[in-house]
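Below is one structure, written out as structure tokens, with a few remarks after it.
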Amino acid sequence: MPSVIVVGGGVVGATIARELALAGARVRLLDARAPGDGATRASAGMLVPYIEGHPSSPLRELGRESLDLYDDFIVRLRRDSRSDIVYERCGTLEVALTQEGAEKLSAASGTLWREGVEARWVPAAIIPDLEPNVTPEAQGGLFIPQHGFVGVASLTAAAVAAAEARGAEVMVETGVLGIRRLPDGGVEVRTATDSWEADACVMAAGSWSSRIAVEGADPVPVTPIRGQLLQLSAPRGLLTRVIWGPAGYLVPWPDGSVLAGATVEDVGFDEGTTQEGRHDLMEMAVALVPALENASISDVRAGLRPRAPDDLPIIGRSKVVPGLVYATGHYRSGVLLAPLTAELVRRLVLDQSASTLPVLDPQRCGNL
Ligand code: GLY
């Protein structure tokens, strides 16, 4: 079995490390900080392919495939790591606040039914039966029962633990600067002070992938897009489903708090939180659920989503460095797509006859 270096221990890299270690590969997972400390830390764990993946986007089909893997993925992770992982398939209620928005959601429910997805149009008069605390201003909603959310910190920790249990070595504060091809076809991965050789390498460093120099290749064109997230102290039982609105979403966390996300900001590598972000998210939250007006903010987090020029992930083999596989650019869907990404990467690393999906091919983004 090959030796593989996975660069980046966010939800995507950790899930890949686990998958490869379970398949028997000798895995080394390197993270510039510690696993889960990048964008993963600020994720609300949304599993919502039929909201975030538009009908014409390949994300819809990729999201559907990955969501189908989730139940089994979580069962195995819980078993292997003996840890609890927050995982709720409670459904989403997407709420329209205008008549035009309501018409769009009603049309979307028809499109989803034709795709075979259970999606119920909820007229305004029925919304209080489903979610009594949603604003009376709602003009209607779309209920998609199979959607949900996952606790990404616990998921990532469990994936790392499962990888380690299969012999993976995890190295923290190990920021990779460069990757190059070795004459024997393997790869060398170097930091400021060290270097390692392996048969293969997976670049899963999210937004930071653009800063890792691959000899002979273009930088990965991923842009960091900041997302700020609030945790609100709220009366227990305020919501039973994820509430999605035109400007953000609310997640009923099992401890009774509500997560309110998320901003979408192009501010470079600034991982700070802002007063404006807090204000906009509170405004969004209260517009959807007026009872949150006096909720206190117990935590604010921010993370950098890695966005590729066409908003699709970059998953596939390098044409420049044989042995290098890219798994980055997941933008808003890293958590949802983690199990599918891990499967695709396992095939690409362990089966030379496996091919890159054209729609995810790194070469669409330059000389990669
Ligand atoms: N997928 C949720 C977000 O990007 O905010």
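Read the numbers this way: they start at 1 and go in the same order the structure lists the ligands and their atoms. Predicted, not measured: the structure shown is a model, and the values here were computed from it. For reference, positions follow the sequence shown, starting with 1.
Atom CD1 in I243 sits 4.5 Å away from atom CG in L93 (nearest 0.5 Å).
W208 and F269 have tilted rings, their planes meeting at an angle from 30° to 60° on a 0 to 90° scale.
Taking W121 as the reference, nothing meets the ring-ring contact (aromatic ring centres under 6.0 Å, His included) condition, with sequence neighbours excluded.
For ligand 1, the polar-atom distance check finds no N/O of S333 at less than 3.5 Å from any of the ligand's N/O atoms.
Closest heavy-atom contact between P290 and N133: CD-O, 3.7 Å.
Sorted by first and then second residue, the ring-ring contact (aromatic ring centres under 6.0 Å, His included) pairs involving residues 289-343 (not counting sequence neighbours) form an empty list.
When each atom of ligand 1 is checked for a heavy atom of A262 under 4.0 Å away, the hits are 5 (O).
Nearest protein heavy-atom contact of atom 4 (O) of ligand 1 is R305 NE, 2.7 Å. With respect to atom 5 (O) of ligand 1, the closest heavy atom belonging to the protein is Y249 OH, 2.7 Å. Among protein heavy atoms, the minimum distance from atom 1 (N) of ligand 1 is reached at R332 O, 2.8 Å.
Residue-ligand proximity: Y331 is placed with every non-hydrogen atom at 4.0 Å or more from ligand 1.
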